[in-house]
Amino acid sequence: AQSVTQLDSQVPVFEEAPVELRCNYSSSVSVYLFWYVQYPNQGLQLLLKYLSGSTLVKGINGFEAEFNKSQTSFHLRKPSVHISDTAEYFCAVSDRDYGQNFVFGPGTRLSVLP
Amino acid sequence: NAGVTQTPKFQVLKTGQSMTLQCAQDMNHNSMYWYRQDPGMGLRLIYYSASEGTTDKGEVPNGYNVSRLNKREFSLRLESAAPSQTSVYFCASNLAGLANYNEQFFGPGTRLTVL
């Protein structure tokens, strides 16, 4: 079974500063990896996903993430954040081989300060 | 294209009451899911339906039942609500079947309070 760890429950950052949200996973099989964003009082939206190929994945709103198989990590980055990026971010993993095994991390609340 | 819709948006129940949360998707997706979201715990899977006519338990199924009414609709029922079921409930769907590379699409959520 997979598990997902998001090491930071809250990340405050000033507007226009860079940010990295950390995600580590554990799994005995190969996985697909996802980052979702949840704006206040809304459902989750997909930011980006890693399926295969290049380990650097670009998503919407200027976000990107890098898959590191040896460190079992999939950290999310943005070089310059905006106030509108304030939201909760969830890392998720699914099993490549079988079954409905989407597992979400506990989430990281990003607060962008003026 | 409405995507995934959920009703109601808000609900307050007394302990022991029952209710059904409705979910529908118009994307012709095969799989549908019910999650609950609690502070600091991310999303936890309650039940899922890999395809029309099938349902399976997720991580936290106790106290819930589901019905996959047809390909579009997947309902979640609380037979006897308990305060521990106070949460935000999300329905999601994806094309996948058993292929997990397809991302899930989420509804706007139902905020349930059980007194």
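Quantities reported herein were computed from a predicted structural model and do not represent experimental measurements. The sequence lines fix the lettering, A, B, ..., with proteins before strands; numbering per chain opens at 1.
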Measuring heavy-atom distances to chain A, does [X] have an atom under 4.5 Å in its side chain, in its backbone, in both, or in neither?
X        : result
B/Gln37  : side chain
B/Tyr35  : side chain
B/Arg111 : side chain

Q. So, do A/Leu44 and B/Leu43 sit near enough that their side-chain heavy atoms are less than 4.5 Å apart?
A.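 Side chain of A/Leu44 against side chain of B/Leu43, heavy atoms only: contact under 4.5 Å found.
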(Q) So for atom CD, which belongs to A/Glu16, do other residues, nucleotides or ligands contribute more than 12 heavy atoms lying within a distance under 6.0 Å? (A)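 Atom CD in A/Glu16 is not crowded, with 12 or fewer foreign heavy atoms closer than 6.0 Å.
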Q) Counting only N and O atoms by type, is there a donor-acceptor contact under 3.5 Å from the side chain of A/Tyr36 to the main-chain atoms of B/Gln104? A)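 Yes; judged by distance alone, with no hydrogens or angles, the pair exists.
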Q: Hey, could you give me each pair passing disulfide (SG to SG under 2.5 Å) that has a residue in residues 25-79 of chain B? Not counting sequence neighbours.
A: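 For residues 25-79 of chain B: none.
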Q. CD of A/Gln38 to CZ of B/Phe106: how many Å apart, nearest 0.5 Å?
A.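 Between A/Gln38 CD and B/Phe106 CZ, I get 9.0 Å after rounding to 0.5 Å.
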Within one Ile-Leu-Val-Met-Phe-Trp-Tyr cluster: [X] and [Y], side-chain cutoff 4.5 Å:
X       : Y        : answer
B/Val4  : B/Leu45  : no
A/Val11 : A/Ile83  : yes
A/Val81 : A/Leu76  : yes
A/Tyr89 : B/Phe105 : no
A/Tyr39 : A/Val13  : yes

Q: Using a heavy-atom cutoff of under 4.5 Å, enumerate the residues of residues 104-114 of chain A that contact chain B, numbered in order, or state 'none'.
A: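 Residues A/Phe104, A/Gly105, A/Pro106 are the ones that qualify, each having a heavy atom under 4.5 Å from chain B.
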**Q.** Whichever hydrophobic residues join B/Ile46 through chains of side-chain contacts under 4.5 Å
**A.**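 Members besides B/Ile46, by chain and number: B/Leu13, B/Met19, B/Leu21, B/Met32, B/Trp34, B/Tyr47, B/Val60, B/Tyr64, B/Val66, B/Phe74, B/Leu76, B/Leu78, B/Tyr89, B/Leu112, B/Val114.
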Q) Who are the side-chain contact (heavy atoms from CB on, under 4.5 Å) partners of A/Ile60, not counting sequence neighbours? A)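 Applying side-chain contact (heavy atoms from CB on, under 4.5 Å) to A/Ile60 gives A/Leu47.
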